[in-house]
Q: 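The structure follows.
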Amino acid sequence: MTIKELEIALLNSYSQELCYEKVRNYWTEDNKTLGMCAITALVVNDYFKGDIAKIKVEGISHYFNIIDNKIIDLTKKQFKSEIDYNDYKIINRNDLLTEDTKNRYQSLKEKVIKELLQRIDQEIYQCALCKNLVEKFPNLSTVYLGKNNDIVLIGEAPANNGWRKSHMLWKDINGKILPSGVILQKLFDIINKDIFETTFLESVKCFPIERKNLKTCSKNCKQIMEKQLEILQPKLIITLGEFPTRSLLDFKFKKYQEVVGNIYEVNGYKILPIYHPSPISPKSYKGNIPIFQMLYEKQKKD
């Protein structure tokens, strides 16, 4: 992702209710960046790191970013005058997170994530790499967004009659929880989490007509999956099965059980492979219990 791509997503996400309260009544569609500097600087910092800086402009506090010693100010157009950046001060991002700013920032971040993911979905729908190997779904979201993205579950590939058609994750078209969902929720109970509040995506984005095509399709979709993860920024990725695990880990392994239950750090992500929760797998529940007990103990320490 580039700064420009993020800027476009931000502009499409701004709204009057996200504007700083003291200037909210002056916000218009023609001046979308008005009152957005603090929450914008926080979102830019999430994706591109660097520092957040503060300066006085026209008598009010204005926030922007310093990335690789360059000034990145995506909300400067709200001011009529040119900005003199000579006297800026670097601030701690936590100092910006008052209750009001934190709530507006979280709302903006959610909108930006949806906007960025929607663009990826358009890319997926136009993709022709797998050609006759897959059945494409209607141009709907390929990511199920949960309550937050601290944990992201990655499955192998969508089922032809799965959530991408039913629009109900882990449920059939009648709203009944699927056997895999039942098993996974029992495991998530150990860490006091709800699978229906957990972000989910698949390593393969379309429905593979034959399972033998999973390897090829997973390889073709890898860059797409990486883009989605870059947007989501999960603290922990749990991979359900072999294909998403092979796509993400930066080393080869012979048997899947060699990596199951271990946490690997790859490209800034923590990746935890588990046995697939399908009841077809003999280790879908009992084999995963020690892994989730380990996660629970880590939660208590953190």
Q: May I ask you to test the Leu248-Tyr269 pair for a side-chain heavy-atom distance under 4.5 Å?
A: no
Q: side-chain contact (heavy atoms from CB on, under 4.5 Å) with Phe292: which of Leu272, Asp189, Ile274?
A: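 Result for side-chain contact (heavy atoms from CB on, under 4.5 Å) with Phe292: Ile274.
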Q: Side chain of Lys114, backbone of Leu145: donor and acceptor closer than 3.5 Å?
A: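 No, the answer is negative, given that no donor and acceptor are paired below the 3.5 Å cut-off.
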Q: Within this structure, what is the NZ-CG distance for the pair Lys4 and Leu74, rounded to the nearest 0.5 Å?
A: 9.0 Å
Q: Taking atom NZ of Lys76 as the centre, report whether more than 12 heavy atoms of other residues, nucleotides or ligands fall under 6.0 Å from it.
A: no
Q: Is there a side-chain contact between Asn65 and Asp73, using heavy atoms and a 4.5 Å cut-off?
A: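 No, their side chains stay 4.5 Å or more apart.
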Q: Crowded around Gln223 CD? As in, over 12 foreign heavy atoms under 6.0 Å?
A: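 At most 12 heavy atoms, drawn from other residues, nucleotides or ligands, come within 6.0 Å of this atom.
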Q: For the NZ atom on Lys77, are there more than 12 heavy atoms of other groups (residues, nucleotides or ligands in this structure) within a distance under 6.0 Å?
A: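 For Lys77, atom NZ is not crowded (no more than 12 foreign heavy atoms under 6.0 Å).
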Q: Clusters formed by hydrophobic residues whose side-chain heavy atoms approach within less than 4.5 Å: which one holds Ile60, and what are its other members?
A: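 Its cluster partners, ordered by chain and number, are Ile55, Val57, Phe64, Ile66, Ile71, Phe79, Ile83, Tyr85, Tyr88, Ile90.
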Q: Check whether any side-chain N or O of Lys222 sits under 3.5 Å from a backbone N or O of Ser247 as a donor-acceptor pair, and report yes or no.
A: yes
Q: Quick one: CZ on Arg164 to NZ on Lys205, what's the gap to the nearest 0.5 Å?
A: 8.0 Å
Q: At their closest point, which heavy atom of His276 faces which heavy atom of Ser180, and how far apart are they?
A: CE1-OG, 4.4 Å
Q: Output a table of donor-acceptor pairs, distance under 3.5 Å, between side-chain atoms of residues 30-41 and any protein atom two or more places apart or on a different chain; print 'none' if there are none.
A:
residue: Lys32; atom: NZ; partner: Leu11; partner atom: O; Å: 3.2
residue: Thr33; atom: OG1; partner: Gln78; partner atom: N; Å: 3.4
residue: Thr40; atom: OG1; partner: Tyr14; partner atom: OH; Å: 2.7
residue: Thr40; atom: OG1; partner: Met36; partner atom: O; Å: 2.7

Q: With the side chain counted from C-beta on, respond yes when Ile120 and Val143 share a heavy-atom pair under 4.5 Å apart, and no when they do not.
A: no
Q: Only one of Lys111, Glu115, Gln118 forms a side chain to side chain donor-acceptor pair (under 3.5 Å) with Asn12, so which one is it?
A: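 Answer to the side chain to side chain donor-acceptor pair (under 3.5 Å) test with Asn12 among Lys111, Glu115, Gln118: Glu115.
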Q: Ser141 and Asp121: which non-hydrogen atoms are nearest, and at how many Å?
A: CA-OD2, 3.1 Å
Q: For Glu202 and Ala157, work out which heavy atoms get closest and say how close.
A: CG-C, 3.7 Å
Q: Does any pair with a residue in residues 17-26 pass side chain to side chain donor-acceptor pair (under 3.5 Å), and if so which ones, sequence neighbours excluded?
A: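 Checked against side chain to side chain donor-acceptor pair (under 3.5 Å) - neighbours excluded - the pairs reaching residues 17-26 are Ser15-Glu17.
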Q: If you link ILVMFWY side chains whenever their heavy atoms are less than 4.5 Å apart, which other residues fall into the same cluster as Phe207? By chain and number, please.
A: Phe137
Q: Is it the case that Arg93 places NZ or CZ above or below the six-membered ring of Tyr105, under 6.0 angstrom from the centre and within 45 degrees of the axis?
A: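 Yes, a cation-pi geometry.
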Q: Is atom CG of Asp95 surrounded by more than 12 heavy atoms (other residues, nucleotides or ligands) closer than 6.0 Å?
A: yes
Q: Output yes when a side-chain donor or acceptor of Asp84 lies under 3.5 Å from a complementary backbone atom of Asn86, and no otherwise.
A: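 Indeed, once roles are kept as given, a pair shorter than 3.5 Å links the two residues.
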Q: State whether the side chain of Arg246 and the backbone N or O of Phe253 hold a donor-acceptor pair below 3.5 Å, judged by distance alone.
A: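 Here the side-chain-to-backbone pair exists.
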Q: Taking atom CD1 of Ile154 and atom OG of Ser203, what is their separation to the nearest 0.5 Å?
A: 7.5 Å
Q: Ser284: what forms a side chain to side chain contact (heavy atoms under 4.5 Å, CB included) with it, not counting sequence neighbours?
A: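 Ile183, Ser281.
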Q: Residues two or more places apart in sequence or in another chain: which of them pass salt bridge (charged side-chain N to carboxylate O under 4.0 Å, His left out) with Asp172?
A: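 Partners of Asp172 under the salt bridge (charged side-chain N to carboxylate O under 4.0 Å, His left out) test: none.
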Q: Flag yes if more than 12 heavy atoms outside Asp87 fall under 6.0 Å of its CG atom; otherwise flag no.
A: no
Q: Less than 4.5 Å apart, side chain to side chain, heavy atoms only: is that true for Pro277 and Tyr285?
A: no
Q: Kindly compute the distance separating CD1 (Ile209) from CG (Asn213), expressed to the nearest 0.5 Å.
A: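 The CG atom of Asn213 is 7.5 Å from CD1 of Ile209, to the nearest 0.5 Å.
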Q: Residues in salt bridge (charged side-chain N to carboxylate O under 4.0 Å, His left out) with Glu123, at least two apart?
A: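 Lys227.
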Q: Answer yes or no: is there an ion pair linking Glu99 with Arg104, defined by an N-O contact shorter than 4.0 Å?
A: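 No, no charged N to carboxylate O under 4.0 Å.
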Q: Looking only at non-hydrogen atoms, find the nearest pair between Ile191 and Tyr296 and report the distance.
A: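 Looking at all heavy atoms of both residues, the shortest contact is CG2-N, 3.8 Å.
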Q: Sequence neighbours excluded, which residues qualify as salt bridge (charged side-chain N to carboxylate O under 4.0 Å, His left out) partners of Lys212?
A: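 Once residues adjacent in sequence are excluded, the partners of Lys212 under the salt bridge (charged side-chain N to carboxylate O under 4.0 Å, His left out) criterion are Glu210.
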Q: Taking atom types as modelled, find out whether Thr142 and Gln228 have a side-chain donor-acceptor pair closer than 3.5 angstrom.
A: yes
Q: Going by the rule salt bridge (charged side-chain N to carboxylate O under 4.0 Å, His left out), which residues pair with Lys235 if we only count those two or more places apart in sequence or in a different chain?
A: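 By the salt bridge (charged side-chain N to carboxylate O under 4.0 Å, His left out) rule, Lys235 matches Asp150.
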Q: Quick check for you: to the nearest 0.5 Å, what is the distance between Leu240 atom CG and Ser278 atom OG?
A: 11.0 Å
Q: Are Leu108 and Leu10 side-chain neighbours, meaning at least one heavy-atom pair lies under 4.5 Å?
A: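 Contact flag for Leu108/Leu10 side chains = yes.
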Q: So, do Trp163 and Met168 sit near enough that their side-chain heavy atoms are less than 4.5 Å apart?
A: no
Q: Give every donor-acceptor pair under 3.5 Å between a side-chain atom in residues 194-201 and any protein atom, sequence neighbours left out.
A:
residue: Asp194; atom: OD1; partner: Phe196; partner atom: N; Å: 2.8
residue: Thr198; atom: OG1; partner: Asp194; partner atom: O; Å: 2.8
residue: Thr199; atom: OG1; partner: Gly146; partner atom: N; Å: 2.9
residue: Thr199; atom: OG1; partner: Asn148; partner atom: O; Å: 3.3
residue: Thr199; atom: OG1; partner: Asn149; partner atom: OD1; Å: 2.6

Q: One pair to check against salt bridge (Lys or Arg N to Asp or Glu O under 4.0 Å): Glu156 and Arg211. What are the steps and the verdict?
A: CA-CA 10 Å; Glu156 291 189 337; Arg211 185 168 176 81; 3.1 Å; yes
Q: Who else is in the cluster with Val204 when I, L, V, M, F, W and Y are joined by side-chain contacts under 4.5 Å?
A: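 Members alongside Val204: Leu214, Phe243.
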Q: Measure the spacing between CH2 of Trp170 and CG of Leu178 and express it to the nearest 0.5 Å.
A: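 Rounded to the nearest 0.5 Å, the CH2-CG separation comes out at 8.5 Å.
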Q: If only atom types and distance count, is the side chain of Glu135 paired as donor or acceptor with the main-chain N or O of Cys206 below 3.5 Å?
A: no
Q: Ignoring hydrogens and angles, tell me if any N or O in the side chain of Glu5 forms a donor-acceptor pair with the backbone of Thr2 under 3.5 Å.
A: yes
Q: Given a cutoff of under 4.5 Å between side-chain heavy atoms of I, L, V, M, F, W and Y, with clusters grown through shared members, what are the other residues clustered with Val134?
A: Leu133
Q: Tell me, do Gln233 and Asp46 make a side-chain contact under 4.5 Å, heavy atoms counted?
A: yes
Q: Just by distance, do the side chain of Glu110 and the backbone of Ser107 share a donor-acceptor pair under 3.5 Å?
A: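 No; judged by distance alone, with no hydrogens or angles, the pair does not exist.
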Q: Determine, stepwise, if the pair Ile231 / Tyr47 fulfils side-chain contact (heavy atoms from CB on, under 4.5 Å).
A: CA-CA 8 Å; Ile231 292 166; Tyr47 285 114; 3.9 Å; yes
Q: Main chain of Gly241, side chain of Thr239: is a donor-acceptor contact present, judged purely on distance under 3.5 Å?
A: no
Q: Tell me, yes or no, whether the heavy-atom count around Asn69 atom CG, taken from other residues, nucleotides or ligands under 6.0 Å, exceeds 12.
A: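 At most 12 heavy atoms, drawn from other residues, nucleotides or ligands, come within 6.0 Å of this atom.
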Q: Is the count of non-hydrogen atoms from other residues, nucleotides or ligands lying under 6.0 Å from Asp250 atom CG greater than 12?
A: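 Counting neighbours around CG of Asp250, more than 12 heavy atoms of other residues, nucleotides or ligands fall under 6.0 Å, so yes.
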Q: Would you call Leu229 and Glu226 a side-chain contact if the rule is heavy atoms closer than 4.5 Å?
A: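 Side-chain contact under 4.5 Å: no.
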Q: With a 6.0 Å cut-off (strictly less than), is the heavy-atom count around CG of Leu129, excluding the residue itself, greater than 12?
A: yes
